[in-house]
2 protein chains.
Amino acid sequence: MLANALGVLGGMGPLAAADFLAKLAAATEASCDQEHIPLILYGDCTTPDRTASILGHGPSPLPQLLAGIEFLNAARCAVIAIPCNSAHCWYDDMARASRAPVLHIVEASAQKVRRNNAATRRVGVLSTEGTHRMGIYRVSLERMGFAVIAPTAEDFRDLVSPGIADIKGNRIAAAQDKFDVAADRLLARGAEQIILGCTEIPLAMQPRCATNPHSVVDSTLALAEAVLAHFGASKAPARAAAES
Amino acid sequence: MLANALGVLGGMGPLAAADFLAKLAAATEASCDQEHIPLILYGDCTTPDRTASILGHGPSPLPQLLAGIEFLNAARCAVIAIPCNSAHCWYDDMARASRAPVLHIVEASAQKVRRNNAATRRVGVLSTEGTHRMGIYRVSLERMGFAVIAPTAEDFRDLVSPGIADIKGNRIAAAQDKFDVAADRLLARGAEQIILGCTEIPLAMQPRCATNPHSVVDSTLALAEAVLAHFGASKAPARAAAES
């Protein structure tokens, strides 16, 4: 049995899980393999689409999410991370079923907004329509005192949802164009920071993330940083503490 | 239990395993999550260094490799892939202990050389010193009729081994400079194709891989393609068949 391992409930989608593991490895303070965090990834990409379920167009992903949580607990994982924002609409059910603590990607991302700039008041959120409908970012951010700006129904229909489908079909460049327009519209409406609140979205927005590290919050990276904080393995603990 | 899943014995190193998952997802013929291959990754990055063991400087990784094989078999994985070339020095022990078939990264890479260009006679191999000492590429390639060109002892010492250590310490640019010189020296000695026979090496050589798709063999990608061939999920089955 792998001792003190991270459990990753992934496959939603497969590329987002790979991106999470790459960001976790790159952000780890390590000089050799053995200083990284051991992990087990349960990648059930056959989990029903989260947004389709929320919009009433498909079956619930919950049984398969719980099967993954059960698997990772049976493997004695010390903590669980789920690099899929929409899956967090079922967070309470998963956390209740888990002996291991389950990190929360929305909380990790919301906290990063504050670390980035304590003066920020208005936060834009790009997410799946499912995550938006369930209000998980709105609730967390409003509780922290932020005003939340989300894409309009038209922008979900024409930009965000088709962009996420592009990623899942491996059309990265096509997705980037759509996400860039959607992000610019949030900025035009007054957003001071933008959360990429779907783990598919950062896959197509690395240039914008790289050039705007303190105003674009990559939820995949925020979750990786929460994992590193949990294990005390962050590359920049002093800096993170100074920012918070 | 996840049905018909790929088992991945990873963590060697962590970034290489993430790169493998990303290449697998990108090469899969899929328009949505559910059409990808379900998988379980057992990422034990605490597995002792393979090359250090082969050179007699450290403990054997075999017990931990076998623990991973046992875990993936207990999870009923249908087939196992190991995105670490050096770990294949213990391939026979792992394959013997596994109910599920274990794909062989060296065989996958050697076969890709032939698919790339049937006229190639001389193949350069960049690998860890451990993989080189154990001769696993030399044996496979010579059996197929290729002449093998490996780095000199000095190039292992000054370029290849330090470059791999750079990757494991997240110094990608520093690694790229070293690998590029080592690859150029193999070409100067007559290599017609070069296998990147360590899954850390492609992480720093994506530009060269992209511009030389038929003369640089990325062993990570070759293994991903072998997985897709196993599952019949390749994006380009017609092209692969035409090349072989």
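Excluded from the calculations below are hydrogen atoms, water molecules and symmetry mates; all remaining heavy atoms, backbone and side chain alike, are included. What you see is a predicted model, and the numbers here were worked out from it, not measured in a lab.
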With a 4.5 angstrom heavy-atom cut-off, which part of B:D166 approaches chain A: side chain, backbone, both or neither? neither
Can you name the closest pair of heavy atoms from B:A25 and A:P14 and give their distance? CB-CB, 4.0 Å
Give the C-alpha distance, both sets of side-chain angles, the deciding distance and a yes or no for side chain to side chain contact (heavy atoms under 4.5 Å, CB included) between A:L41 and B:L21. CA-CA 11 Å; A:L41 164 68; B:L21 297 186; 3.5 Å; yes
Crowded around B:E70 CD? As in, over 12 foreign heavy atoms under 6.0 Å? no
Centroid-to-centroid, B:Y42 to A:F71, below 6.0 Å? no
One should read off an interatomic distance between B:L15 CG and A:K23 NZ, to the nearest 0.5 angstrom, of 12.5 Å
Top contributor to chain A interface from B:T46, B:T47, B:L39 [non-hydrogen pairs under 4.5 Å]: B:L39
Under 4.5 Å between any side-chain heavy atoms of B:I37 and A:C45, yes or no? no
Least distance between heavy atoms, A:D33 atom then B:M12 atom: OD2-CA, 3.8 Å
B:R76 CZ: over 12 foreign heavy atoms closer than 6.0 Å: no
Which pair of non-hydrogen atoms, one from B:H36 and one from A:K168, has the smallest distance, and what is that distance? NE2-O, 4.0 Å
With a 4.5 angstrom heavy-atom cut-off, could you sort out which part of B:S31 is near chain A: side chain, backbone, both or neither? backbone
For B:A67, is it the side chain, the backbone, both, or neither that has a heavy atom closer than 4.5 Å to a heavy atom of chain A? neither
Which heavy-atom pair separates A:A18 from B:A22 by the least distance, and what is that distance? CB-N, 3.5 Å
Verify, without hydrogens or angle tests, whether A:N170 (side chain) and B:A26 (backbone) share a donor-acceptor contact under 3.5 angstrom. yes
Could you tell me which portion of A:D19 (side chain, backbone, both or neither) has an atom closer than 4.5 angstrom to a non-hydrogen atom of chain B? neither
